[in-house]
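Here is the structure we will look at.
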There are 2 protein chains.
Amino acid sequence: MKRQITIKDIAIKLGLSTSTVSRALKDHPDISPKTRTAVKELAALLGYRPNMIALNLRSNSTRTIGLIIPEIEHYFFSAIINGIEEVAYKNDYSVMVFQSNESYKREVNNTHAVLTNRVDGVLVSFSKETLDFSHFMKLVENEIPVVFFDRVVDGLLADQVVADDYQGAFLAVNHLIEKGCKRIAHFSAPQHLLIGKNRLAGYHDALLKHNIHVDLNLVFPTDTFDESKKLALSILKQPNRPDGFFAVNDMSAIAIIKAAHELNLRVPEDVKVVGFENSKSASLCEPELTTIDQFGFELGREACLMLLRRLKENSQPPLKPERKVIKTRLVARKST
Amino acid sequence: MKRQITIKDIAIKLGLSTSTVSRALKDHPDISPKTRTAVKELAALLGYRPNMIALNLRSNSTRTIGLIIPEIEHYFFSAIINGIEEVAYKNDYSVMVFQSNESYKREVNNTHAVLTNRVDGVLVSFSKETLDFSHFMKLVENEIPVVFFDRVVDGLLADQVVADDYQGAFLAVNHLIEKGCKRIAHFSAPQHLLIGKNRLAGYHDALLKHNIHVDLNLVFPTDTFDESKKLALSILKQPNRPDGFFAVNDMSAIAIIKAAHELNLRVPEDVKVVGFENSKSASLCEPELTTIDQFGFELGREACLMLLRRLKENSQPPLKPERKVIKTRLVARKST
DNA sequence: AGAACAATTTCAACCGTTTGCATAACGAAA
DNA sequence: TTTCGTTATGCAAACGGTTGAAATTGTTCT
């Protein structure tokens, strides 16, 4: 690699000391206008760019935030990254992305990577496999601010940004009931995640509100396309099949629609389906999917803003953890 | 932020010099076994982690690669990021992501950001707006290896990784013809991008091969959902409407299907449609979309591998630019 | 002329780590 | 005892930039 132009190069060519050059470049009042302009002109001519690494070493900060995320390919997460990057960009921060691929082991490695890379703060949505959170607590012990988003558990001593899962689930199930459903199944997320618990609670309470008996046999833990489709096929073959489905994400919801079509059931006439996410696919499938908009972009923005706030704060001891809840919205389409 | 444990802390506690500690930690033969173990034990006890920034400053490398990409939310690009991150992870590199949001101005800013962050190399897919490439050439002048992927233009003196757009387009149109289409329209990408030119060429040659007259009035420059839908609606209303469509991406293809449905045309009976990308949505829409698999993940992998190869190489002068072409594959589904 | 002061500029230390070279300690050979 | 070789450790410079304090220069006043 070509040697970079340094402040020293400029200093030598101009017969000045590095300190003078440094000050001239940042408009320090002590420097005479003559030297200031001379330095700046030469710097521009040579294409001088300050060496961030050197600055980082001195300031012990990198203006970089680490992002640990399960899967970039998932629409919801890419929307979040989008929001994060937006805020980071506007505040002159860079984002380092680490995928856990839903693997606990890899996620632990990722936490090491962010430590090695000396990021200023970390945004985390942990993997489905993760049950132990000590690797994240190690970050907190190192006083690196951490903000968790979307996936969250109880008892985590750190900032959190989540969608209002309870409200979203309630909206979804309420909507199904208003459309006439009597027997509503729920495809749920793992129950150790708050997102799983809260959506189930919303489902539960919406049924209760309408005096519908809550049958836990209608709750199935599944959140992938393939699994959901298989399950839906078997459920829809039963004589007392549900007439409504509330799925934990759009993929599962679309899988249900596909399964219904295979069994020659009409959506929404025979079976109504609501998803959760409002992904691109939701408006592309047939019939278009009614779903809960999780506002991934906003969630990412908020998470990043909260992290930046932490990075600026210098109160000792630090403010106690905060939880931000993003309201969701029902997007009614053709599947209900 | 809590002060990090440094080599100096260890040195003082053990009454040694920093050099001895440094050497002990990396098993330098000069160090006596006794001190070596003492140092290592204390380091482990204190949770010492080498300060990457300091190492970076010394080695003038960051083991970080910059990624400049139009839109993370687009499935194809997130698949590519996935592939890139995979290779980077395995080789102990980190990835910094910068979105251009299809904006030239922001893209120029992004190139500054990667320079400031002193990444070791850069992966680029430029924005649709970009017609001038001097900002990238500035990177090349700074001898920062750059690999372009997917979007590429002629005369770029840098490595490139692209899908075989010509072959993919040929496969797609050939398939439509074999399924009986006589009048095939093409929704194309901007013609200043090779991806636009090559797909058009593939379309062209497949028609020629079957002795079908090439009518340039059937080629429309559009690659977004909304625009494509509007266009498809007006085209399909015409008396001599096409009986086949080859779209430059899945979004546009699905828009055509939607438009056909709105006009009570059946897919594939009345109109056949082929996309390009093989996104998630392609297998979720109704009918499932026949498309060309672009192997985004592999494309990302290859691009990253090529960059890493450049980073390792030290031949002077450097090897001349290479172009890698990834074969595509037809995925026949229900829309044809 | 000498003092006092302001305006510029330089010196040197520092951030954390590595590394070529010098040096200390010690036993063995002369 | 001196000298030579080992072996183990320390010194100091370097990476590129910042910054408090010291030094230089020039100007003005007495």
Side-chain angles (χ1 to χ4, degrees), chain A residues 1-40 42-43 46-64 115-120 142-144, chain B residues 1-40 42-43 46-64 115-120 142-144:
Chain A
M1 193 133 89
K2 196 162 66 177
R3 241 194 84 266
Q4 299 290 331
I5 304 294
T6 74
I7 235 174
K8 205 170 163 188
D9 297 322
I10 301 179
I12 291 175
K13 288 217 174 150
L14 254 39
L16 290 169
S17 72
T18 58
S19 6
T20 306
V21 175
S22 169
R23 289 193 172 104
L25 286 172
K26 38 179 41 190
D27 292 322
H28 193 287
D30 275 3
I31 303 301
S32 72
K34 213 193 315 164
T35 24
R36 192 205 323 277
T37 53
V39 166
K40 285 194 172 178
L42 186 57
L46 297 178
Y48 166 78
R49 309 207 113 245
N51 185 328
M52 258 301 146
I53 309 179
L55 296 182
N56 291 342
L57 177 60
R58 205 152 200 288
S59 63
N60 201 27
S61 97
T62 52
R63 276 198 104 73
T64 295
L115 269 178
T116 331
N117 281 289
R118 287 289 202 280
V119 299
D120 290 351
N142 274 283
E143 300 198 20
I144 295 179
Chain B
M1 190 133 90
K2 197 162 66 177
R3 242 196 80 268
Q4 298 291 331
I5 303 294
T6 74
I7 238 176
K8 204 168 164 188
D9 297 321
I10 301 179
I12 291 175
K13 289 220 172 143
L14 254 38
L16 291 169
S17 72
T18 58
S19 7
T20 306
V21 174
S22 170
R23 286 194 256 257
L25 286 172
K26 37 179 42 190
D27 292 321
H28 192 287
D30 275 3
I31 304 300
S32 73
K34 214 192 316 166
T35 23
R36 192 203 324 274
T37 52
V39 166
K40 285 195 173 179
L42 185 58
L46 297 178
Y48 166 77
R49 306 207 114 245
N51 185 327
M52 256 303 147
I53 309 179
L55 295 181
N56 291 341
L57 178 58
R58 244 190 152 257
S59 64
N60 200 26
S61 98
T62 51
R63 275 198 103 72
T64 295
L115 268 178
T116 330
N117 280 289
R118 287 291 202 275
V119 299
D120 291 351
N142 273 282
E143 300 199 21
I144 295 180

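So that the names make sense, note that chain A is the first sequence line, chain B the second, and so on, each numbered from 1.
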In the structure I gave you, are the side-chain heavy atoms of L42(B) and K13(B) within less than 4.5 Å of one another anywhere?
yes
Partners of [X] by salt bridge (charged side-chain N to carboxylate O under 4.0 Å, His left out), sequence neighbours excluded?
{"X": "K8(A)", "value": "none"}
{"X": "R23(B)", "value": "none"}
{"X": "R63(A)", "value": "none"}

Donor-acceptor pairs under 3.5 Å, side chain of residues 24-32 of chain B to any protein atom, not counting sequence neighbours: which ones?
{"from": "D27(B)", "atom 1": "OD1", "to": "K40(B)", "atom 2": "NZ", "distance (Å)": "2.8"}
{"from": "D27(B)", "atom 1": "OD2", "to": "K40(B)", "atom 2": "NZ", "distance (Å)": "3.3"}
{"from": "H28(B)", "atom 1": "ND1", "to": "D30(B)", "atom 2": "N", "distance (Å)": "3.1"}
{"from": "S32(B)", "atom 1": "OG", "to": "T35(B)", "atom 2": "N", "distance (Å)": "3.4"}
{"from": "S32(B)", "atom 1": "OG", "to": "T35(B)", "atom 2": "OG1", "distance (Å)": "2.6"}

If each of T35(B) and A54(B) is mapped to the nucleotide of DNA chain D with the nearest heavy atom, which maps nearer the 5' terminus, i.e. the 5' end?
T35(B)
Among all residues two or more places apart in sequence or in another chain, which pass the side chain to side chain donor-acceptor pair (under 3.5 Å) test with [X]?
{"X": "N117(A)", "answer": "S94(B)"}
{"X": "S19(A)", "answer": "S17(A)"}
{"X": "S59(B)", "answer": "none"}
{"X": "R58(B)", "answer": "none"}

Between dG10(D) (P) and K8(B) (NZ): distance, integer Å:
15 Å
Mind checking [X] for me? I need base, sugar-phosphate or nothing, with any heavy atom below 4.0 Å counting as a touch.
{"X": "I53(B)", "value": "nothing"}
{"X": "T20(A)", "value": "base"}
{"X": "I7(A)", "value": "sugar-phosphate"}

Boundaries of the chain B footprint along DNA chain C (any atom under 4.0 Å from a heavy atom):
dG16(C) to dG20(C)
Bend across the helix from dA1(C)-dT30(D) to dA30(C)-dT1(D), to 10°, with axes taken over 5 pairs at each end?
90°
Distances for protein N/O vs nucleotides 20-24 of chain D N/O pairs under 3.5 angstrom?
{"from": "dG20(D)", "atom 1": "N7", "to": "R23(A)", "atom 2": "NH2", "distance (Å)": "3.0"}
{"from": "dG20(D)", "atom 1": "O6", "to": "R23(A)", "atom 2": "NH1", "distance (Å)": "3.4"}
{"from": "dG20(D)", "atom 1": "O6", "to": "R23(A)", "atom 2": "NH2", "distance (Å)": "2.7"}

Which residues pass the side chain to side chain contact (heavy atoms under 4.5 Å, CB included) test with A11(A), sequence neighbours left out?
T18(A), V21(A)
